[in-house]
Amino acid sequence: MPTTEQTAAATSGRRLAHPSVAEIRLETVLHALADPVRLTIVRELADGHADMACIAFDLPVSKSTTTHHFKVLREAGVIRQHYEGTSRMSRLREDDLEVRFPGLLAAVLEGARRSARSPEPAA
């Protein structure tokens, strides 16, 4: 039985490359999560917005820069993307990251949430 992603790729003719679980590298994931814009994307996906269209994110960067950030996350194995019609949908690869690096994503997300709640330190 084909998955929704396989069906969408077959009907649209557009496929996006994703690393397998075994190909996901720690340093690549950490690099992807180190950027504040990419971390915002991951936090929004983790907060219950699975299969979210790229245009649904309110990011403080241009469309081309947004595209770059999603590509970095996808190629690092942090998100999975597929097409639904003309929209590129994104989903966090929580289960895959948990298998590869147990506890990593949860720890990063908890740290990001704490940072968002606390005020910036004075310089």
Novice: For the pair R74 and R88, evaluate side chain to side chain contact (heavy atoms under 4.5 Å, CB included) and give the outcome as yes or no after the intermediate values.
Specialist: CA-CA 12 Å; R74 180 174 44 82; R88 189 181 288 193; 4.2 Å; yes

Novice: Between E23 and S20 (side chain of the first, backbone of the second, donor and acceptor by atom type, cut-off under 3.5 Å), is there such a pair?
Specialist: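 Yes: the side chain of E23 pairs with the backbone of S20.
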
Novice: Taking a hydrophobic cluster as the set of Ile, Leu, Val, Met, Phe, Trp and Tyr residues connected by side-chain heavy atoms closer than 4.5 Å, whether directly or through intermediates, do V99 and I79 fall within one such cluster?
Specialist: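 No, no single cluster joins them.
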
Novice: Is it the case that one hydrophobic cluster holds both I41 and L30, taking links as side-chain heavy atoms less than 4.5 Å apart, direct or via other members?
Specialist: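 Yes; tracing contacts between hydrophobic side chains, which count when under 4.5 Å, links both residues.
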
Novice: Which atoms form the tightest heavy-atom contact between A22 and R100, and what is the distance?
Specialist: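 So the minimum-distance heavy-atom pair works out to O-NH2, 3.3 Å.
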
Novice: Any sub-3.5 Å donor-acceptor pair from T65's side-chain atoms to V61's backbone N or O?
Specialist: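 Answer holds: no.
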
Novice: Going through the checks in order, is the side chain to side chain contact (heavy atoms under 4.5 Å, CB included) test met by H18 and Q81?
Specialist: CA-CA 8 Å; H18 298 89; Q81 292 184 304; 4.2 Å; yes

Novice: Please evaluate residues V72 and V78 with respect to the criterion side chain to side chain contact (heavy atoms under 4.5 Å, CB included), reporting the C-alpha separation (whole Å), side-chain torsions for both, the decisive distance (0.1 Å), and the verdict.
Specialist: CA-CA 9 Å; V72 170; V78 176; over 6 Å; no

Novice: Show the numbers, then the answer: is there a side chain to side chain contact (heavy atoms under 4.5 Å, CB included) between L59 and H69?
Specialist: CA-CA 10 Å; L59 301 172; H69 286 303; 5.9 Å; no

Novice: State, to 0.1 Å, how close I24 and G77 come at their nearest heavy-atom pair, and which atoms those are.
Specialist: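 Shortest heavy-atom separation between I24 and G77 comes out as CD1-O, 3.8 Å.
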
Novice: Please check if atom CZ in R113 has more than 12 non-hydrogen atoms from other residues, nucleotides or ligands closer than 6.0 Å.
Specialist: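 Enclosed: over 12 neighbouring heavy atoms sit under 6.0 Å from CZ of R113.
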
Novice: Indicate, with yes or no, if L16 and V21 share a hydrophobic cluster defined by side-chain heavy-atom contacts under 4.5 Å among Ile, Leu, Val, Met, Phe, Trp and Tyr.
Specialist: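 No; tracing contacts between hydrophobic side chains, which count when under 4.5 Å, never links both residues.
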
Novice: Which heavy atom in L45 sits nearest to a heavy atom in S90, and how many Å separate them?
Specialist: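 Closest pair (atom of L45, atom of S90, distance): CD2-O, 3.6 Å.
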
Novice: For the residue pair S87 / E84, report whether a side-chain donor-acceptor contact shorter than 3.5 Å exists.
Specialist: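 Absent: no donor and acceptor within the cut-off.
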
Novice: Could I get the full list of salt bridge (Lys or Arg N to Asp or Glu O under 4.0 Å) partners for E110, not counting sequence neighbours?
Specialist: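 With sequence neighbours excluded, E110 shows a salt bridge (Lys or Arg N to Asp or Glu O under 4.0 Å) to R114, R117, given in chain and number order.
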
Novice: Are the side chain of R38 and the backbone N or O of A32 linked by a donor-acceptor pair below 3.5 Å?
Specialist: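 Such a contact is found between R38 side chain and A32 backbone.
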
